[in-house]
Amino acid sequence: MPTLDNESDGNGENRQKEGSKKTYFVRIHAPWEVLTRHAEISQVRMPIKSPAVPVPAQGVLQKVTACLERLLDPFRLPEEVEARFKPKKFTCPFNRERETMFDIKEPASFFRPHVRSRIAYSILLRNKFGHGATEFGDRIAKALALGMYDGAYPLHDGDYDDKAIDNDRKVLYHHWARFSCFLRYQPVDLIRDYFGSKIGFYFAWLGFYTWMLFPAAILGLVVFIYGIVTMWWENQVSDEICNDYFNLTMCPLCDKFCGYWSLGESCQSAMASHLFDNPATVFFAIFMSLWSTMFLELWKRRRHALQYLWDLQTFRQEEERPRPQFEAQVRHTKRNWITQEDEPWLPFIYRIPRYMLSAVLVLFAIALAVGAVFGVIMYRVSVQASLALNRNELIATNANLVTTATAATINLTIILLLNMIYSHIAEYLTELEQPRTETEFDDSFTFKMFLLQFVNYYSAIFYIAFFKGRLIGRPGKYVYTLGYRQEECSPSGCLVELCMQLGITMAGSQLVANNLREIFLPKILVWLNFRWLIQAMAGKSEEERKKTGLSRWELDYLHVDIGPRGLFFEYLEMVIQFGFVSLFVAAFPLAPLLALINNILEIRLDAQKFVCSLRRPMVGRAADIGVWYYILEAISTISVCTNAFVIAFTSEFIPRLVYTRVYSPDGSLNGYLNFSLSYFEVEDFSEKNTPRNPLHLGHNVTFCRYRDLREPPWAEDPYEYSNAFWHVLAARLAFVVVFQNITFLLTRFLDLLIPDTSYDLQDAIKMEEQLVSRAILDFELQRTKQRQRHNRFRRQQTAPPATPDHHVDSWEANLHKRVSGISPSRSQGFGQGRGQGRGQVSGASSDYESTV
């Protein structure tokens with residue numbers, strides 16, 4: 001059980017073995033010499049002694065920004081926490097020859113925990129273990145995969161609830177993991193120092209996403225309140241449905257067993273539909289399309305700022321070794337032209353059948369989710385028909401509401417069950433494909449899981465939004481599927497059912513199921529581990545128990561391992577939530593508010609899980625959130641199309657707009673209800689469609705109404721689509737085209753308007769590069785001068801001592817030769833007369849001696 005020790009005391013590599021029955025621990029420590037050597041090899045950027053930094057003059061904009069930032073002081077971290085990682089220090093690649101140039105106050109704290117853990121683990125990855133190692137190397141990753149070790153993990157910095165000792169883990173718990181900190185910023189720099197940049201980027205992105213949800217949640221709540229307020233005096237259609245004067249007779253909802261029914265029975269559904277089907281939802285859909293673009297663009301700016309603060313601007317993915325499972329299963333080899341080593345390799349001809357089998361099984365899993373949705377549809381049809389026959393008026397009136405709620409709950413249960421099955425299917429299929437590296441494995445696994453989860457979560461929603469009630473036919477000529485008549489929407493549309501499906505699925509899966517799993521599952525696993533320890537110590541006496549104190553590595557071993565997939569399911573949960581927020585926000589404006597509440601809880605639950613319940617994970621380097629950004633970008637693009645189609649085809653916005661502009665005599669919605677319902681003569685029913693009890697309403701029925709735009713039975717072409725149908729269809733298609741083009745144009749404009757890197761950050765990067773270069777040049781200049789003084793001192797020490805008389809004689813002889821060789825014309829320059837000449841020569845000799 002290798003455990004990486006982050007305590008650096010400079011005593012050399014220290015290995016200790018401590019055992020408890022059959023579990024053995026190997027504590028691995030990297031001394032200062034090892035850290036410095038590998039930091040230089042890996043070009044790790046470390047802080048240098050801060051040079052003098054010019055303070056720019058503050059303009060009006062900077063002063064206004066500083067005043068606005070003071071409003072955020074209640075959300076900031078305490079000063080003692082911010083002092084741990086601010087201000088940002090200038091860095092450059094570590095070099096042992098320039099060691100005095102770096103800001104080494106204490107060697108034990110110079111290398112941050114994530115750097116020490118990464119260096120130690122990189123050494124373990126390169127070293128071979130055991131005897132008779134293969135030519136590919138039995139590294140620690142392969143030893144873990146083969147079960148030679150139960151785990152390898154860095155040690156936590158002590159207990160998080162220790163009142164006597166101050167450490168990073170305790171600071172993270174008190175200022176990040178507790179629910180009382182839910183309104184404060186996250187200490188992302190300290191998270192990165194403690195867990196590494198990969199986990200740091202996840203929490204930085206999650207916090208940024210949560211803050212961006214605030215304006216969307218507030219505006220969505222305003223739209224919902226606007227629907228409540230206007231429901232009572234601007235809802236002309238609902239007033240006509242609920243008015244007994246307009247109490248129309250509707251055609252049966254099912255064959256034979258269902259009778260005619262009164263339109264007033266759908267009064268409550270019509271009132272509720274106005275909450276989400278009003279002009280404000282169109283504006284909100286456009287806003288959310290722009291919001292998703294703003295979110296992605298501003299995240300890119302935030303990402304570049306974090307890359308600068310965390311010294312990841314020059315980050316590049318290192319060449320990965322093959323996976324241990326790949327090495328164990330593949331027998332072919334091929335020379336890697338980068339590493340110049342023979343590595344296992346699987347020819348493409350062997351991959352084809354694996355990919356084909358994987359694709360077939362993925363399609364089968366998708367069909368399983370679609371089949372589950374079809375089963376729920378059958379449930380809705382049968383239950384709604386049976387409830388409509390109930391003699392209880394309350395049950396019969398709310399049959400559609402009860403059926404929708406129960407069907408959505410059943411669908412949620414199926415989704416949660418299929419999620420557990422899909423994770424195993426995706427992992428098995430990815431192993432079947434035998435990806436070479438962990439990155440290839442993660443990319444393939446991510447694609448499968450997201451595809452399966454997307455279909456699992458959104459198939460029922462897509463059905464209600466775009467297919468329900470669209471291809472049902474008409475009375476007397478219905479369309480049947482497997483002998484069953486398809487579902488119909490209520491006279492006010494399917495938007496209420498879509499909203500209920502979205503709300504139950506999102507709240508049930510995000511707020512309830514996922515959060516319960518985050519709260520209880522890690523605690524239950526840790527409790528089981530401690531129960532195992534208590535049972536192991538049951539046979540010992542009380543004194544032996546007190547003497548047997550658990551070490552840090554034993555306590556960490558009882559915690560839960562993060563697993564091979566790491567943050568995958570955390571990202572997947574948030575990406576699915578982003579789909580709920582953006583794809584169908586026109587039908588459910590409260591989705592951003594639910595997402596905001598969930599994320600506030602999610603951040604603290606994840607923080608508690610990482611600080612209190614999980615082993616400290618191996619440090620992983622990353623400069624971004626990876627492939628998830630491109631998935632978010634794809635969802636953002638698709639959301640523009642889905643919201644356009646929801647507004648155009650699912651809501652009643654376009655038909656009402658066409659009616660008020662073309663068909664209404666006074667430009668209002670008076671008479672829209674009669675316009676949206678077509679006539680059907682009951683004598684045209686076939687024997688299969690005729691209700692058994694035609695006198696269900698207590699009177700004979702000659703005509704019944706149904707939701708469609710068709711010609712009446714007395715027209716030349718009875719039951720054919722009317723001109724109004726084609727006008728509405730053209731308006732719907734035109735709205736989709738205009739909405740998409742305007743939204744894409746605005747999003748493209750925002751993309752060009754917002755640079756990926758702010759101008760202040762660009763200036764800071766340039767200033768750091770210049771000051772670091774200057775610091776390195778000054779250091780090299782000082783070192784060169786020191787070498788010159790040292791070399792001169794050595795020459796003086798090693799030169800042989802000369803005899804004073806011999807030295808003077810030889811010097812005088814040399815001077816005599818020089819003076820005697822001066823011509824009369826040149827000697828005149830020294831003065832007039834012999835004495836002046838001698839005096840000048842004497843002065844010249846004095847200058848020469850001083851020069852020597």
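Atoms considered below: every heavy atom in the structure, side chains included; atoms not considered: hydrogens, waters and symmetry mates.
Judged by distance alone, the side chains of Tyr463 and Glu487 do bring a donor and an acceptor atom under 3.5 Å apart. Counted by atom type alone, Thr293 and Glu297 present zero donor-acceptor pairs between their side chains at under 3.5 Å. Counted by atom type alone, Ser613 and Gln608 present zero donor-acceptor pairs between their side chains at under 3.5 Å. Under 3.5 Å, the side chains of Gln510 and Gln577 contain a donor-acceptor pair of N or O atoms.
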Query raised in the report: Step by step, would you call Gln501 with Thr404 a side chain to side chain donor-acceptor pair (under 3.5 Å)?
Result: CA-CA 8 Å; Gln501 181 72 37; Thr404 302; over 6 Å; no

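Trp628 and Phe568 have their aromatic ring centers within a separation under 6.0 angstrom. Taking the six-membered ring wherever Trp is involved, the centroid distance between the rings of Phe584 and Phe462 falls below 6.0 Å. A centroid separation of less than 6.0 Å is found between the aromatic rings of Phe195 and Phe610.
Using the six-membered ring where Trp is involved, Phe645 and Phe466 have ring planes that are perpendicular, over 60° apart on the 30 and 60° scheme. Using the six-membered ring where Trp is involved, Phe208 and Phe295 have ring planes that are parallel, under 30° apart on the 30 and 60° scheme.
Applying the salt bridge (Lys or Arg N to Asp or Glu O under 4.0 Å) definition to pairs two or more places apart or across chains, none involves residues 360-376.
A salt bridge between Lys609 and Glu570 is present, with a side-chain N of the basic residue lying under 4.0 Å from a carboxylate O of the acidic one.
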